[in-house]
Amino acid sequence: MYMSTDEVRNAYLKFFESKGHQIVDSSSLVPHNDPTLLFTNAGMNQFKDCFLGLEKRAYTRATTAQRCVRAGGKHNDLENVGFTARHHTFFEMLGNFSFGDYFKHDAIQFAWEFLTEVLQLPKERLLVTVYKTDDEAFDIWNKTVGIPAERIIRIGDKEGGKPFESDNFWQMGDTGPCGPCTEIFYDHGDHIAGGPPGSPDEDGDRFIEIWNNVFMQFNRHADGTMEPLPKPSVDTGMGIERISAIMQGVHSNYEIDIFQTLIKEAAKVIGYEDLSNQSLRVVADHIRSCAFLIADGVMPSNEGRGYVLRRIIRRAVRHGNKLGAKGAFFFKLVGPLADVMGSAGEELKKQQEMVEKVLKIEEENFGRTLDRGMAILAEALDALDGEVLDGETVFKLYDTYGFPADLTNDVARERGFSIDEEGFNDAMEAQRQRAREAGQFGVDYNDAIKVDADTEFCGYSATEGDATIVALYREGQSIDSAAEGEEVLVILDNTPFYAESGGQCGDTGVMSAEGIQFDVTDTQKFGNAIGHSGKVAAGSLTVGGKIKAVVDAARRAKISLNHSATHLMHAALRNLLGEHVAQKGSLVKPEGLRFDFSHLEGVKPEELREVERVVNEQIRRNHVISTDVMDIDAAKEKGAMALFGEKYDDEVRVLSMGDFSVELCGGIHASKTGDIGLFKIISEGGIAAGIRRIEAVTGEAAIAALHEQEALLAKTANLVKSDAASVATKVSALVAHSKQLEKEIQQLKDKLAAQESAGLINQAKEINGVKVLIAKLDGADNKALRGMVDELKNQLGSGIVVLGNASDDKVGLIAGVTKDLIGKVKAGELINMVALQVGGKGGGRPDMAQAGGTDAAALPAALESVTPWLAEKL
């Protein structure tokens, strides 16, 4: 039975919905509030806190079609993508989850029913694995499902490994939830090489894992103790690409409908006809990860997630170039991708124009980077002392400039050199190890604060209230009481204190009872509990004790004004710049607001003024700021905008400021827009590729900012002897005059340099028949040195020039070699030899090179070393 990938996705979700599961949208590829993950790489990521007991949801069964990227962290096999049947940077993981609800029996039954009844896979083609000691799972498969014992394979721990190190035993980390797995394999037939799992030939392609059921059964402690979990849970996963290949009667994932469409589109935009070329697979795979990463807020950069994205883009572009692509081509695949992804591509369609623009800019930038990389490679080969280019340099060219080692090797071979392949591989492995370590969960699950009680937030309508202390923590450990002077975390049954969320900082204030005072310095969320950090100023706190909680109302009022202004500014930016503008982070505090958003170029001054004008206009209209609680689907129908990186419950708060701004928000806000008073932008700038940041103030802080600008203007007017109205004209005239003076000074320096070079030519000497001029100058202009070298080379006709300049304890060096001599002496090598002796390092072209240094006293001796060095070369 043939099924398209979109049909498989929808069939899976509908099946588990019929089994009482809540269909949950795929989360962002940027993990929410989880610094341990580079990208979302498994279906369970968004439910991690549910499994850890830190978060409770309205449902105990869930199902998803989760977008995943594995191109960094411990799952980093980028170089295999496109060259094997099943390696991808981007994939979709179909999953069903139980949070303390059903366990092994139902999970196994659900999987078998879906595969054999819904998808109608032949039962005789399926076999399963279980963990070696999991008799319970073995019996369910054998006695309940009816699979013969010979098709149930027990998988033990890896040879020489630690206990529970097995492909069939899952662990979230070194500690915390873990448990056995049972996997389902599909037999593609004996015409394909490979043996069943657990056999010597298991790495073949005949038996392919299609489903993994993880049974979270134990809590592993640091000492290795395995404690049964009170609420065992289930985490399953099935790669949609693998099951789609089976449903479409093909063996390789690259033969399914999605990839065949993308491969054909890639061939079309590149202008290449052979659809079997593996480079087309690379391009088809990489457009999926790149497009969806950008849509989820990742921008190409030189660090973190943006760096991984940049590497994937460059790998795709390199493979396109290998096939003869002319100009930017990769961005043209975004539209076909959004179409072929079906229901999973709807969000991408909304952002298609922005994603295309980011990719096109990155492609064009990479073209220039390739040129720079070639120049650096040429320089490295020029400076090479020997015949082998070191592995670190080869790795740097690969890692920074996107040069594959084979390209570097080709260029080196043309020049008569080779590369240190072993050193390159060592550097690659070191990077992989760093990536694996970065992908580890860094916190002991058993040290995490887990609060069973929920805290009711009552702070929308009040800034004070009576409460009961339900838990106390000191340095992460639960305690029964806290004495005066101790810094602790207090959990209440209800609180008016707002916990930091959605960019709004946490409340501060005071808790008190008779003889007791606790100063609250911050408020944070811990699952469904709200924690108040601070210090016991008087008396002692006891679990079960009654206390009055009072928020610093004046501070909160300032925060609420800034938060409301953030919503108005967000709407104004989208109206002015376009709907591609999306919040990428924010910070709302008493002093002002900070707002990060997606935009590919700087916001022009006139655009910033227009944003200010529009926001202040909405403030003057004095809209009532209203909130409505409704289900998420109704909120979307109302047009409410969800904010980047936030998780929302089934019921959400919809915040409206007239018709101008409608967003989902759980924060604290003003009553009317007029309460904001005045809005003033302080700064705008880029913080990453495609991400801009605006900082602004409101109310009294905005008035203070205007007064500060007025004072600065008055001070500037006084300095240039002008009034405020004419200060711009006066400053402009002064700048023009300054530029003219600088031009005249440079002309005089050039004349002096020319005169000095005329005198220097007489100092030239011969070394092995070659004219050489070595001279030390004092106080010369480094810019003028370049002109002097060109003039001296012209006068020599054929020769070598080395000039050293000492000025203010700094050393300037320059060397020039006429073109007929660069086969024997290269200016870059020469200048580097001298620079190393004066505390510097340098390089450049074979005919011209410059360097700097810090040891002026060493300059004479360094220049004296030039003669014997040249004598050896010449």
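Since the model is a prediction, treat every value here as computed from it, not as a measurement. Only heavy atoms go into these numbers, but all of them, side chains included; no hydrogens, no water, no symmetry mates.
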J.: Which heavy-atom pair separates Cys290 from Phe330 by the least distance, and what is that distance?
T.: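 In terms of heavy atoms, the two residues are closest at SG-CE2, 3.9 Å.
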J.: If we only count heavy atoms from C-beta on, is the Ile270 to Leu280 side-chain gap below 4.5 Å?
T.: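 Heavy-atom side-chain distance check passes, below 4.5 Å.
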J.: Drop me the distance from Asn321's CG to Arg314's CZ, to the nearest 0.5 angstrom.
T.: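 Result: 12.5 Å between the selected atoms.
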J.: Give a yes or no on whether a salt bridge exists between Lys360 and Glu363, defined as a side-chain N under 4.0 angstrom from a carboxylate O.
T.: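 Result for this pair is no, no salt bridge flagged.
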J.: Quick one, Glu362 and Phe331 - any side-chain contact, counting heavy atoms below 4.5 Å?
T.: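 Counting from C-beta outward, Glu362 and Phe331 never come under 4.5 Å.
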J.: Run the numbers on Gln504 and Ser501 for side chain to side chain donor-acceptor pair (under 3.5 Å), then give the verdict.
T.: CA-CA 6 Å; Gln504 180 176 331; Ser501 181; over 6 Å; no
J.: Would you say that Tyr254 contacts Asp285 through its side chain, given a criterion of any heavy-atom pair below 4.5 Å between the two side chains?
T.: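 Side-chain contact under 4.5 Å: yes.
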J.: Only one of Leu29, Val298, Thr89 clears side chain to side chain contact (heavy atoms under 4.5 Å, CB included) with Ser289; which?
T.: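 Looking at Leu29, Val298, Thr89, the match for Ser289 under the side chain to side chain contact (heavy atoms under 4.5 Å, CB included) is Thr89.
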J.: Testing the basics here: between Ser586 and Phe595, what is the closest heavy-atom pair and its distance to 0.1 Å?
T.: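 Heavy atoms only, the tightest pair is CB-CD1, 4.3 Å.
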J.: Is the number of heavy atoms from other residues, nucleotides or ligands under 6.0 Å of Glu591 CD greater than 12?
T.: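 Above 12, so yes.
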J.: Restricting to non-hydrogen atoms, name the atom on Thr393 and the atom on Ala380 that form the minimum distance, rounded to 0.1 Å.
T.: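 Looks like CG2-CB, 4.1 Å.
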J.: Kindly determine whether Lys349 and Glu346 satisfy salt bridge (Lys or Arg N to Asp or Glu O under 4.0 Å), including the steps that lead there.
T.: CA-CA 5 Å; Lys349 283 186 178 181; Glu346 293 174 2; over 6 Å; no
J.: Give the C-alpha distance, both sets of side-chain angles, the deciding distance and a yes or no for salt bridge (Lys or Arg N to Asp or Glu O under 4.0 Å) between Arg288 and Glu241.
T.: CA-CA 13 Å; Arg288 299 212 300 166; Glu241 294 82 7; 2.8 Å; yes
J.: Whether the Glu353 and His580 side chains hold a donor-acceptor pair (N or O, under 3.5 Å, no angle test) is what I'd like checked.
T.: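 No donor-acceptor contact under 3.5 Å links the two side chains.
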J.: Could you report the tightest heavy-atom contact between Lys525 and Ala499, atom names first, then the distance?
T.: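 Looking at all heavy atoms of both residues, the shortest contact is CG-CB, 3.6 Å.
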J.: Using ring centroids (six-membered ring only for Trp), state whether Phe259 and His88 fall under 6.0 Å.
T.: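 Ring-ring flag for His88/Phe259: true, centres closer than 6.0 Å.
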J.: With no hydrogens and no angle check, do the side chains of Gln66 and Ser27 hold a donor and an acceptor under 3.5 Å apart?
T.: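 Yes.
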J.: What's the separation between atom CG in Asn562 and atom CG in Leu593, rounded to the nearest 0.5 Å?
T.: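 Result: 5.0 Å between the selected atoms.
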J.: Which is it for Asp6 and Ser343 under the side chain to side chain donor-acceptor pair (under 3.5 Å) test, yes or no, and what are the steps along the way?
T.: CA-CA 7 Å; Asp6 200 36; Ser343 56; 2.9 Å; yes
J.: Would you please test Phe91 and Ile240 for side chain to side chain contact (heavy atoms under 4.5 Å, CB included) and show each step?
T.: CA-CA 7 Å; Phe91 61 97; Ile240 198 171; over 6 Å; no
J.: Taking the six-membered ring of Phe597, is the NZ or CZ of Lys584 close enough (under 6.0 Å from the centre) and on axis enough (within 45°)?
T.: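 Pair Lys584/Phe597 does not count as cation-pi.
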J.: Assess whether atom CD of Glu579 is packed by more than 12 heavy atoms of other residues, nucleotides or ligands within 6.0 Å.
T.: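 Open: at most 12 neighbouring heavy atoms sit under 6.0 Å from CD of Glu579.
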J.: Could you go through the salt bridge (Lys or Arg N to Asp or Glu O under 4.0 Å) check for Arg692 and Glu684 one step at a time?
T.: CA-CA 7 Å; Arg692 310 296 298 179; Glu684 187 277 340; 2.7 Å; yes
J.: Ignoring hydrogens and angles, tell me if any N or O in the side chain of Arg574 forms a donor-acceptor pair with the backbone of Val581 under 3.5 Å.
T.: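 Checked: pair present.
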J.: Side-chain contact, heavy-atom cut-off 4.5 Å: Cys665 with His563?
T.: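 A side-chain contact exists here, since the closest heavy-atom pair is under 4.5 Å.
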J.: Please assess Thr5 against Asp257 for the test side chain to side chain donor-acceptor pair (under 3.5 Å), listing each intermediate value before the final yes or no.
T.: CA-CA 7 Å; Thr5 303; Asp257 54 351; 2.6 Å; yes
J.: Got Arg305 and Val30 here, is their nearest side-chain heavy-atom distance under 4.5 Å?
T.: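 SC-SC contact between Arg305 and Val30 confirmed.
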J.: Do you know which two heavy atoms are closest between Ala42 and Cys68, and how far apart they sit?
T.: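 Heavy atoms of Ala42 and Cys68 come nearest at N-SG, 3.6 Å.
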J.: Rounded to the nearest 0.5 Å, what separates atom CZ in Arg70 from atom CG in Asn41?
T.: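 These two atoms lie 5.5 Å from each other.
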J.: Are side-chain heavy atoms of Leu655 and Val662 found at a separation under 4.5 Å?
T.: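 Side-chain contact under 4.5 Å: no.
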J.: Specify the closest pair of heavy atoms between Ala65 and Ser26, including all atoms of both residues, with the distance to one decimal.
T.: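 Nearest heavy atoms, Ala65 then Ser26: O-CB, 3.3 Å.
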J.: Is a side-chain N or O of Tyr59 found less than 3.5 angstrom from the main chain of Ile23, in a donor-acceptor match?
T.: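 No; zero donor-acceptor contacts below 3.5 Å.
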J.: Please tell me whether His319 and Ser279 have a donor and an acceptor in their side chains that are separated by less than 3.5 angstrom.
T.: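 A donor-acceptor contact under 3.5 Å links the two side chains.
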J.: CD1 of Ile294 to CD of Gln352: how many Å apart, nearest 0.5 Å?
T.: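 So the gap between those two atoms works out to 12.5 Å.
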J.: Mind checking the CZ-OG spacing from Arg67 to Ser28? Nearest 0.5 Å is all I need.
T.: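 Atom-to-atom, Arg67:CZ and Ser28:OG are 7.5 Å apart.
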J.: List the steps and the verdict of side chain to side chain contact (heavy atoms under 4.5 Å, CB included) for Glu607 and Leu576.
T.: CA-CA 8 Å; Glu607 291 172 332; Leu576 179 66; 3.8 Å; yes
J.: Are Arg57 and Phe47 packed together at the side-chain level, in the sense that at least one heavy-atom pair is separated by less than 4.5 angstrom?
T.: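 When only atoms from C-beta onward are counted, Phe47 and Arg57 do touch, with a gap below 4.5 Å.
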J.: Please test Phe366 against Arg310 for side chain to side chain contact (heavy atoms under 4.5 Å, CB included), starting from the C-alpha separation and ending with a verdict.
T.: CA-CA 9 Å; Phe366 182 40; Arg310 174 163 283 168; over 6 Å; no
J.: Using side chain to side chain contact (heavy atoms under 4.5 Å, CB included), reason through Asp390 and Val394 one step at a time and then give a plain yes or no.
T.: CA-CA 7 Å; Asp390 64 281; Val394 179; over 6 Å; no
J.: I need the Asn213 CG to Thr236 OG1 distance, nearest 0.5 Å.
T.: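 One finds 5.5 Å between CG of Asn213 and OG1 of Thr236.
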J.: Could Arg242 and Glu92 be called an ion pair, given the rule that one side-chain N must be under 4.0 Å from one carboxylate O?
T.: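 No salt bridge links Arg242 with Glu92.
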J.: Under the 3.5 angstrom rule, does the side chain of Ser598 hit a backbone N or O of Ala582 as a donor-acceptor pair?
T.: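 Such a contact is found between Ser598 side chain and Ala582 backbone.
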J.: If we count only N and O atoms by modelled type, under 3.5 Å, do the side chains of Asp522 and Gln524 hold a donor and an acceptor together?
T.: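 Result is yes, a qualifying pair exists.
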J.: Going by heavy atoms in the side chains, are Phe97 and Thr63 under 4.5 Å from each other?
T.: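 Sidechains of Thr63 and Phe97: no contact.
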